[in-house]
Amino acid sequence: MAASLLRSLTRHARGASAYHHHQAWAPFSTAAAAAGARDEARKGFPGLGPTVKGEKARVVVLGTGWAGSRLLKDLDTTGYDVVCVAPRNHMVFTPLLASTCVGTLEFRSVAEPVARIQPAVSKSPGSFFLLARCTGVNPDAHTIDCETVTDGEKDTLEPRKFKVAYDKLVFACGAEALTFGICGVTEHAIFLREVHHAQEIRRRLLLNLMLSDVPGLSEEEKRRILHCVVVGGGPTGVEFSGELSDFIMRDVKQRYSHVKDYIHVTLIEANEILSSFDVRLRQYATNQLIKSGVRLVRGIVKDVQPNKLILDNGEEVPYGLLVWSTGVGASSFVKSLPFPKSPCGRIGVDEWLRVPSVRDVYAIGDCSGFLESTGKDVLPALAQVAERQGKYLASMLNRAMKAGGGHANSNAEADQGPPFVYKHLGSMATVGRYKALVDLRQSKESKGLSLAGFVSFLIWRSAYLTRVVSWRNRFYVAINWLTTLLFGRDISRI
């Protein structure tokens with residue numbers, strides 16, 4: 001049964017081959033010979049078989065994050081077939097994800113389907129999007145092992161395993177949230193990295209608001225249920241805290257007047273919040289969060305229990321909602337790959353984003369880092385880094401294809417062009433109450449423009465509105481912002 005399903009993945013490509021064979025004038029025409037070569041190469045292959053001479057080269061992209069999506073968008077599909085393998089069929093515009101948790105934006109506004117980013121995966125006979133995850137790679141055979149993803153849905157078939165042959169393989173599978181091995185984090189905290197995380201945060205927040213109104217609930221329990229704790233003082237943690245405090249001040253206290261004095265937000269950070277920002281901006285953010293009612297606590301979480309967490313000084317912090325945002329690190333899948341690693345455990349790459357130990361394999365985004373031998377520092381796990389790496393690699397692969405070097409193990413000498421160079425464009429973060437920070441310095445040590453306040457908020461919104469992937473989503477975001485301004489946030493628990 002599994003083999004039958006997997007062979008169906010190549011149905012379109014084989015159908016196209018059969019069409020050309022039918023149109024041939026003679027049984028030994030070029031088209032017929034090519035079709036026969038393809039059938040022979042793929043005979044008995046459990047999945048998408050290798051390409052042959054005369055066919056487009058196949059680029060396999062693992063992931064639909066910032067790096068993978070930009071690569072998919074810019075690849076020249078007139079010369080490449082594209083196969084994207086990922087456990088989600090959309091890209092998430094992460095800078096606006098915190099806004100969806102409190103109803104400022106709808107979830108669809110921050111999700112862009114892969115088929116809109118690269119139409120070839122739904123239109124071209126040899127290009128596909130496969131809802132699966134990569135479980136292994138064989139660089140010598142130029143194949144990857146995959147397993148379908150069902151996300152725990154009921155009444156679904158068991159995961160199916162199959163292989164995909166590649167000419168060029170790009171790892172863009174991102175990273176995973178850091179828990180530092182702290183007991184209870186995975187079981188009781190919610191991360192803020194995917195749309196389903198934001199949905200869970202919203203459901204939990206609104207459920208706690210409604211449960212706190214139940215008669216007979218003690219004041220202590222009511223305060224616990226309505227206590228929202230955010231761990232991590234980076235941009236994501238600060239932005240979520242700002243959005244949440246703004247939601248409490250503008251919406252909750254008007255519509256849940258019985259509990260308005262019980263709900264509050266605590267932000268826990270081991271060092272300083274927004275450590276990559278200018279000192280003046282950090283102080284401004286601290287003052288704004290305190291004015292919004294956010295309690296700032298400096299400490300290290302040692303243990304997370306179902307209803308409380310424990311800090312290194314022994315203090316117990318009860319909570320009803322716990323959001324964990326302490327940065328990202330290399331995933332267990334990346335760690336398991338048989339490639340050299342960068343100092344922080346990511347896939348090691350050279351200056352051209354190639355994995356130097358094997359042919360035709362590249363790595364971009366949060367899963368990659370420069371090897372020590374390059375003399376370059378590992379770049380931060382930022383959206384702008386990943387997006388620019390995706391753009392750079394697409395340009396390099398397009399040049400290779402035009403020079404005849406698109407297929408696996410090609411001996412065609414293609415000009416790789418200049419190595420990848422990253423220049424930081426600056427950082428931005430919102431702190432709620434129509435206030436934001438804009439830091440345009442290229443590094444902590446360099447000088448540059450830094451702004452805070454309402455003007456920065458306008459810059460923040462304008463910049464992200466223009467960076468949203470499609471005009472469709474830009475329209476969604478603009479309408480959501482206008483609706484929230486005029487009518488407030490929706491508090492329905494759906």
Side-chain angles (χ1 to χ4, degrees), residues 97-107 184-192 195-233 236-269 288-297 299 301 303-311 315-325 430-433 480 483-484 487-494:
L97 192 58
S99 298
T100 66
C101 299
V102 295
T104 305
L105 296 176
E106 292 297 324
F107 299 111
V185 174
T186 304
E187 293 82 4
H188 307 300
I190 305 175
F191 305 105
L192 186 52
V195 171
H196 66 85
H197 293 152
Q199 291 172 327
E200 177 60 24
I201 290 171
R202 179 170 174 79
R203 283 194 295 265
R204 183 81 60 85
L205 175 63
L206 294 177
L207 176 64
N208 290 349
L209 280 169
M210 289 181 282
L211 291 179
S212 64
D213 242 351
V214 175
L217 202 65
S218 67
E219 284 203 6
E220 182 182 0
E221 182 64 7
K222 188 177 292 189
R223 290 187 186 279
R224 183 195 69 79
I225 289 177
L226 293 176
H227 188 199
C228 305
V229 176
V230 182
V231 179
T236 301
V238 168
E239 289 190 335
F240 176 70
S241 299
E243 287 278 1
L244 189 53
S245 64
D246 194 58
F247 173 61
I248 292 169
M249 295 182 66
R250 295 178 181 274
D251 298 272
V252 171
K253 291 190 175 182
Q254 292 181 11
R255 305 177 195 187
Y256 290 92
S257 57
H258 298 101
V259 299
K260 64 181 182 180
D261 296 327
Y262 295 91
I263 186 168
H264 55 290
V265 182
T266 296
L267 175 61
I268 300 175
E269 168 57 41
Q288 286 299 313
L289 289 173
I290 293 174
K291 285 181 183 179
S292 299
V294 179
R295 177 187 173 218
L296 300 180
V297 174
V301 177
D303 187 32
V304 177
Q305 298 178 10
N307 296 322
K308 65 181 180 182
L309 56 83
I310 301 173
L311 301 180
E315 180 184 353
E316 296 184 354
V317 182
Y319 66 85
L321 171 66
L322 176 60
V323 176
W324 195 270
S325 178
T430 179
V431 291
R433 302 179 67 186
N480 289 165
T483 303
T484 300
F487 305 109
R489 298 172 179 87
D490 179 28
I491 59 171
S492 302
R493 185 175 184 268
I494 301 174

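All of these numbers come straight from a predicted model, not from anything done at the bench.
Two residues are said to be in side-chain contact when any heavy atoms from C-beta on lie closer than 4.5 Å; V297 and L311 meet this criterion. Between V185 and F191, some side-chain heavy-atom pair lies under the 4.5 Å cut-off. For the pair I225/L217, a side-chain contact is recorded, criterion being any heavy-atom separation below 4.5 Å from C-beta on. With a 4.5 Å cut-off on side-chain heavy atoms, R202 and D490 count as touching. The side-chain heavy atoms of C101 and L205, taken from C-beta on, include no pair separated by under 4.5 Å.
Between I263 atom CD1 and R223 atom CZ the span is 12.0 Å, to the nearest 0.5 Å. One distance of note links CD of Q254 with CE of M249; it measures 11.0 Å at 0.5 Å rounding. Atom CZ of F107 is separated from atom CG of N480 by 11.0 Å, given to the nearest 0.5 angstrom. The distance from the OG1 atom of T100 to the NE2 atom of H197 is 12.0 Å, given to the nearest 0.5 Å. Going from atom CZ of R433 over to atom CG of L289 covers 10.5 Å, rounded to the nearest 0.5 Å. Taken to the nearest 0.5 Å, the CD1 atom of I268 stands 7.5 Å off from the CZ atom of R295.
No donor-acceptor pair closer than 3.5 Å links the side chain of H188 to the backbone N or O of T186. The backbone N or O of L226 sits nowhere less than 3.5 Å from a side-chain atom of Y319 that would complete a donor-acceptor pair. Side chain of D303 to backbone of I310: no donor-acceptor contact under 3.5 angstrom is found. Put simply, the side chain of S245 never gets that close to the backbone of G293: no donor and acceptor are under 3.5 Å apart.
Each of V229, V231, L322, V317 was scored for a side chain to side chain contact (heavy atoms under 4.5 Å, CB included) with V304, with one residue passing: L322.
Residues satisfying the side-chain hydrogen bond (donor to acceptor under 3.5 Å, both in side chains) test with T236, not counting sequence neighbours, are none.
The minimum heavy-atom distance between F247 and L209, with the atom names listed, is CE2-CD1, 4.4 Å. The shortest heavy-atom contact between S241 and L267 is OG-CD1, 3.8 Å. When all heavy atoms of H258 and Y262 are compared, the closest pair comes out as O-CE1, 3.9 Å. Shown here for G232 and E269, the closest heavy-atom pair between the two residues is C-OE1, 3.6 Å.
The pair E219-K222 does not count as a salt bridge, with every side-chain nitrogen at least 4.0 angstrom from each carboxylate oxygen.
Residue pairs meeting the side-chain hydrogen bond (donor to acceptor under 3.5 Å, both in side chains) criterion with at least one member in residues 205-218, sequence neighbours excluded, do not occur.
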Open item on the list: Is there a side chain to side chain contact (heavy atoms under 4.5 Å, CB included) between D246 and R489? Walk through the geometry before answering.
Closed with: CA-CA 11 Å; D246 194 58; R489 298 172 179 87; 2.7 Å; yes

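Within a 6.0 Å radius of CD in E220, no more than 12 heavy atoms belonging to other residues, nucleotides or ligands are found.
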